[in-house]
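A short worksheet on the structure shown next.
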Amino acid sequence: MSALSVSPEDVLAAASRLAGHARVTPLLPVSLPESRFASVFVKCENLQIGGAFKFRGAYNRLSQLDSQARARGVVAWSSGNHAQGVAAAGRLLGIRTAIVMPRDAPAIKVENTRAFGAEVRFYDRHTESREDIARALAAERGATLVPSYDDPDVIAGQGTTALELHEQLAPLETDALDVLLVPCGGGGLVGGCALALQAVSPHTRVYAVEPAGFDDTTRSLVSGEREKTAPGATSICDALLAPTPGDLTWPINRRYLSGGIAVSDDHVRAAMRFAWRELKLVVEPGGAVALAAALHGLADCDGGRIGVVLSGGNVDAGLYRHVLE
């Protein structure tokens with residue numbers, strides 16, 4: 001097998017950089033109705049700085065920039081959660097941030113990104129390329145590009161989610177997880193988590209969970225090749241609408257993931273309602289896909305210990321009200 005861009009040791013190093021900067025998010029033992037799992041543990045990254053796990057990767061990337069690069073600033077593209085993570089990390093480190101965001105991004109994500117001090121540049125996701133706009137802006141300013149998932153330091157930072165989860169199991173007097181379910185868009189979070197568990201719990205099976213219609217990683221794991229999302233696909237999970245697995249994330253996920261799971265928008269809505277009603281947690285659609293898979297019994301873990309990552313909580317108020325009603 002060819003060498004990967006990120007190693008388990010990189011995730012351990014990222015955890016050291018993030019210590020005292022990223023929020024240690026709660027791990028909750030949860031009872032699911034009619035569950036066939038022995039125990040379920042929910043990792044609440046919706047309570048992370050910026051409302052999503054993205055702060056971990058952003059801070060790990062930005063904190064390693066030298067003084068000259070920090071002075072020139074950074075540029076990223078994002079529908080919202082990576083935007084907030086980069087903006088929050090930039091504010092902590094005193095680095096200017098500019099984010100290219102779609103015009104139809106949820107208003108709360110745009111507002112929060114600006115609240116962290118970032119400059120927002122809008123684009124039309126149907127007619128313009130966010131990558132081209134961001135690269136041109138970075139070239140004009142001499143700024144550093146910070147991709148949302150296809151970057152070794154970003155992937156390593158996201159992986160600290162699973163490392164932290166594993167460490168939190170000990171005080172709960174439980175053994176390591178049999179299965180971990182992780183939301184997947186471009187594959188940075190699930191790939192980083194899989195790498196982390198290679199270091200501390202290699203027997204744990206890690207599954208990518210995606211919205212139906214955007215299950216490119218799930219289908220890629222079956223075919224062995226990078227699959228693409230079909231044109232015209234739609235989902236309420238705005239944070240997970242990647243068109244194909246990433247150049248760097250795909251080799252990691254192909255090697256270490258046990259499989260993928262696709263969930264419908266109706267599954268996701270039910271999971272959001274469950275999180276609000278039973279856990280008293282606000283979770284956005286993309287952040288709820290792993291919970292949806294567990295709640296509807298889609299994970300292969302009969303009688304086992306299962307972990308679920310809630311990856312974000314930045315939900316549009318109007319959509320959330322509609323889902324709850």
Side-chain angles (χ1 to χ4, degrees), residues 46 52-54 77-82 101-106 109 123-131 147-150 181-191 193 206-247 249-250 252-254 257-275 283-300 308-316 318-320 322-323:
N46 57 312
F53 73 96
K54 292 287 192 178
W77 58 80
S78 169
S79 64
N81 286 336
H82 181 58
M101 300 184 72
R103 286 194 177 91
D104 59 354
K109 295 184 178 183
Y123 78 100
D124 186 327
R125 69 166 83 228
H126 302 293
T127 62
E128 296 178 293
S129 166
R130 61 183 188 174
E131 291 90 347
S148 57
Y149 52 85
D150 246 353
L181 303 179
V182 185
C184 178
L189 174 61
V190 69
C193 287
V206 182
Y207 289 84
V209 186
E210 302 172 286
F214 291 87
D215 53 341
D216 46 285
T217 292
T218 297
R219 291 184 290 108
S220 298
L221 291 170
V222 173
S223 70
E225 305 289 339
R226 290 171 69 202
E227 302 288 346
K228 294 183 178 180
T229 297
T234 60
S235 171
I236 62 171
C237 302
D238 64 278
L240 303 181
L241 306 186
T244 191
D247 291 334
T249 58
W250 166 236
I252 297 169
N253 292 330
R254 179 174 55 183
L257 295 191
S258 294
I261 300 169
V263 294
S264 70
D265 281 357
D266 283 344
H267 286 150
V268 169
R269 292 184 185 98
M272 293 170 68
R273 288 192 290 269
F274 177 86
V283 186
E284 65 184 278
V289 294
L291 179 60
L295 190 62
H296 291 88
L298 303 180
D300 180 16
V308 171
V309 176
L310 300 180
S311 58
N314 296 307
V315 58
D316 177 77
L319 171 63
Y320 194 55
H322 176 72
V323 167

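Computed over heavy atoms, backbone and side chain alike; hydrogens, waters and symmetry mates excluded.
In terms of heavy atoms, Asn253 sits closest to Gly187 at ND2-O, 3.3 Å. Taking every heavy atom of both residues into account, Ser311 and Gly287 meet most closely at OG-CA, 3.2 Å. Heavy-atom minimum distance, Val315 versus Leu319: CG2-CD2, 4.4 Å. In plain terms, the two heavy atoms of Pro245 and Thr217 that are nearest each other are CG-OG1, 3.7 Å. Counting all heavy atoms, side chain and backbone alike, Ala293 lies closest to Leu181 at CB-CD1, 4.1 Å. Across Pro183 and Leu189, no two heavy atoms sit closer than the pair O-CD2, 4.1 Å.
In this structure, OH on Tyr123 lies 9.0 Å from CD on Glu128, to the nearest 0.5 angstrom. Note: Arg103 CZ to Arg125 CZ = 12.0 Å, rounded to the nearest 0.5 Å. Going from atom CD of Glu227 over to atom CG of Leu221 covers 10.0 Å, rounded to the nearest 0.5 Å. How far CG of Leu257 is from SG of Cys184: 7.5 Å, rounded to the nearest 0.5 Å.
Applying the ring-ring contact (aromatic ring centres under 6.0 Å, His included) test to His296 and every residue at least two apart in sequence or in another chain returns His267. Ser79 is linked by a side chain to side chain donor-acceptor pair (under 3.5 Å) to nothing, counting only residues two or more places apart in sequence or in another chain. Annotation: side chain to side chain donor-acceptor pair (under 3.5 Å) contacts of Asp150 (sequence neighbours excluded): none. With sequence neighbours excluded, no residue forms a side chain to side chain contact (heavy atoms under 4.5 Å, CB included) with Thr234. In this view, Arg219 and Asp215 satisfy the side chain to side chain donor-acceptor pair (under 3.5 Å) rule, not counting sequence neighbours.
The closest donor-acceptor contact from the side chain of Thr249 to the backbone of Gly186 lies under 3.5 Å. In terms of modelled atom types and a separation under 3.5 Å, the side chain of Arg269 and the main chain of Val323 share no donor-acceptor contact. With hydrogens and angles ignored, the 3.5 Å screen pairs no side-chain donor or acceptor of Asp216 with any backbone N or O of Pro243.
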Residue pair Tyr149, Asp247: steps toward the side chain to side chain contact (heavy atoms under 4.5 Å, CB included) verdict: CA-CA 10 Å; Tyr149 52 85; Asp247 291 334; over 6 Å; no
Go through the steps for Lys54 and Ser148 under the test side chain to side chain contact (heavy atoms under 4.5 Å, CB included), then give the verdict. CA-CA 8 Å; Lys54 292 287 192 178; Ser148 57; 4.0 Å; yes
One pair to check against side chain to side chain contact (heavy atoms under 4.5 Å, CB included): Val309 and Phe53. What are the steps and the verdict? CA-CA 9 Å; Val309 176; Phe53 73 96; 5.9 Å; no
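Within 6.0 Å of CD on Glu131 lie more than 12 heavy atoms contributed by other residues, nucleotides or ligands.
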Run the side-chain donor-acceptor check on residues 235-242: report pairs under 3.5 Å with partners two or more places apart or on a different chain.
from: Ser235; atom 1: OG; to: Cys237; atom 2: N; distance (Å): 3.0
from: Ser235; atom 1: OG; to: Asp265; atom 2: OD1; distance (Å): 3.0
from: Asp238; atom 1: OD2; to: Lys109; atom 2: NZ; distance (Å): 2.8

